[in-house]
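What follows is a short report on a single structure.
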Amino acid sequence: MADISDDIVLAKQLLDRGELVAIPTETVYGLAANGTSTEALEKIFKTKGRPVNNPLILHFKNLKSIHPFISEIHDDLERLALRFWPGPLTLLLPKSEKVVDIVTAGSSRVAVRVPSHPITLGLLNSLDYPLAAPSANPSGYISPTRPHHVKEQLGHKIQLILDGGVCTSGIESTILGWDGEEPVIYRKGVITSEEIEEVLGKVPKLNQKTKVLEAPGMLSSHYAPRTLTLAVPEIGEVLKVHQGKKIGLIMFKNSFSGKPVVDKEIVLSKEGSLKEMAQKLYAAMYELDALGLDVIIIQQAPEEGIGKAINDRLQRSSFHE
Ligand code: TXA
Ligand code: MG
């Protein structure tokens with residue numbers, strides 16, 4: 001069973017040996033391996049049950065260390081890096097031959113970011129390779145934002161979870177690429193379209209395709225609890241439909257006062273802060289998913305700022321065929 005500790009020396013030893021280590025980032029916990037070792041990277045796919053056509057993000061200590069892994073330097077790169085790194089922005093850039101095939105799943109672009117969590121930055125500074133790290137959950141399940149989430153889901157398969165406490169952002173990084181000269185958002189995230197527009201002087205397009213190679217995190221069913229989950233703007237009607245069942249409720253700001261009575265209710269932000277909602281949402285989903293409920297009903301966020309990324313995840317977590 002994995003240990004939860006802040007021992008980055010041990011983390012380095014394991015990673016140098018080609019083993020996996022769960023790492024904290026400001027967004028969610030990642031399941032990390034040496035990003036230049038095909039053998040180590042294969043363990044990520046096996047441990048998560050992740051399809052091999054789903055590419056990985058490479059995490060670097062700074063912009064300079066990214067240069068050998070990309071074949072072209074985009075005009076916008078420096079400005080974006082200056083404004084958002086270290087931080088929750090992932091960029092899709094043309095890869096160099098230094099990037100091993102399994103990282104990009106055949107794409108000519110590699111996903112890169114510089115995370116801002118001090119423990120993981122400290123670890124990256126001690127390594128001479130980048131870390132590939134998807135979210136540290138079984139494929140398709142909720143991304144972990146606390147060390148014990150990782151331990152519950154993957155603890156029997158790995159040796160070490162680096163303890164970085166609670167992830168401050170709580171949902172995944174924004175993924176940005178380019179279509180010719182046009183910036184395109186491939187996954188909504190912590191950094192909003194408006195913030196990117198401020199830096200680039202143009203509104204990024206939103207990628208609508210759900211082709212596997214574009215970004216499987218954008219596939220319809222993802223980030224999903226095992227309990228039937230419904231995300232809705234108005235709670236009342238859905239609650240009536242499910243009356244008599246064991247119901248868990250996740251509310252944004254206000255407690256639900258009407259009938260019927262639910263088994264468990266979590267209010268994410270009494271102050272009505274979308275940042276706080278993002279930070280606490282996945283933890284609330286983990287908590288309710290462990291209770292053996294019949295249904296989890298989640299109130300959607302107002303469709304503004306980071307609320308758009310929250311609603312994107314809620315929509316995918318509540319998709320059932
Ligand atoms: O916040 C985050 O980004 C977290 C932390 C751990 O850094 N990582 C994360 O990784 O969310 P993952 O693997 O769960 O999601 C990464 C997404 C996937 O949907 C993947 O398909 C997409 O990024 N992606 C990775 N490389 C890509 C590439 N070369 N082209 C297109 N999409 C890519
Ligand atoms: Mg993921």
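All residue numbers refer to positions in the sequence shown, counting from 1. Note that ligands are numbered from 1 as they come in the structure, with each ligand's atoms numbered from 1 the same way. What you are looking at is a predicted structure, and each value in this text was computed from that prediction instead of being measured.
Between Tyr29 and ligand 1, no N or O atom pair is found at a separation short of 3.5 Å. On a distance-only criterion, Thr25 and ligand 1 share no N/O pair closer than 3.5 Å. Considering backbone and side-chain N/O atoms, Ser135 comes within less than 3.5 Å of an N/O atom of ligand 1. Backbone and side-chain nitrogen or oxygen atoms of Ser173 are examined, and one is located within less than 3.5 angstrom of a nitrogen or oxygen of ligand 1.
Of all atoms in ligand 1, numbered sequentially from 1 with element shown, those under 4.0 Å from a heavy atom of Thr27 are 1 (O), 2 (C), 4 (C), 5 (C). Interface atoms of ligand 1 facing Ala111, defined by a heavy-atom separation under 4.0 Å, are 25 (C), 26 (N), 27 (C), 29 (N). Taking every non-hydrogen atom of Asn54 and a distance limit under 4.0 Å, the qualifying atoms of ligand 1 come out as 18 (C), 20 (C), 21 (O).
In the displayed structure, Lys245 atom NZ is contacted under 6.0 Å by more than 12 heavy atoms of other residues, nucleotides or ligands.
Selection from Lys48, Glu172, His222, Arg187 by nearest heavy atom to atom 16 (C) of ligand 1 gives Arg187. Which of Gly177, Pro134, Ser107, Ala105 comes nearest to atom 10 (O) of ligand 1 through a heavy atom is settled by distance: it is Pro134.
Residue side and main chain included, Ser135 places an N/O/S atom under 2.8 Å of the Mg ion (ligand 2).
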- Task: Carefully, step by step, assess Thr168 and Gln279 under the rule side chain to side chain donor-acceptor pair (under 3.5 Å).
- Result: CA-CA 6 Å; Thr168 51; Gln279 189 192 81; 5.7 Å; no
- Message: Show, in sequence, the C-alpha distance, side-chain angles and deciding distance for Leu14 and Gln159, and conclude whether the side-chain contact (heavy atoms from CB on, under 4.5 Å) test is met.
- Response: CA-CA 9 Å; Leu14 289 166; Gln159 290 176 54; 3.4 Å; yes
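Judged by distance alone, with hydrogens and angles left aside, the side-chain atoms of Arg187 form no donor-acceptor pair with the main-chain N or O of Thr90 at under 3.5 Å. Judged by distance alone, with hydrogens and angles left aside, the side-chain atoms of Asn34 form no donor-acceptor pair with the main-chain N or O of Gly18 at under 3.5 Å.
Listed here is the closest heavy atom pair of Lys12 and Leu123: N-CD1, 3.9 Å.
A side-chain donor-acceptor contact under 3.5 Å links Asp289 and Thr227. For the residue pair Ser135/Asn137, the side-chain donor-acceptor check at 3.5 Å is satisfied.
With a 4.0 Å heavy-atom cut-off, ligand 1 is reached by the side chain of Arg50 but not by its N, CA, C or O. Of all the heavy atoms of Ile175, the ones lying under 4.0 Å from any atom of ligand 1 belong exclusively to the side chain.
Ligand 1 has no atom lying under 4.0 Å from any heavy atom of Lys95.
Of the inter-residue distances, the one linking Arg146 atom CZ with Lys280 atom NZ reads 8.5 Å to the nearest 0.5 angstrom.
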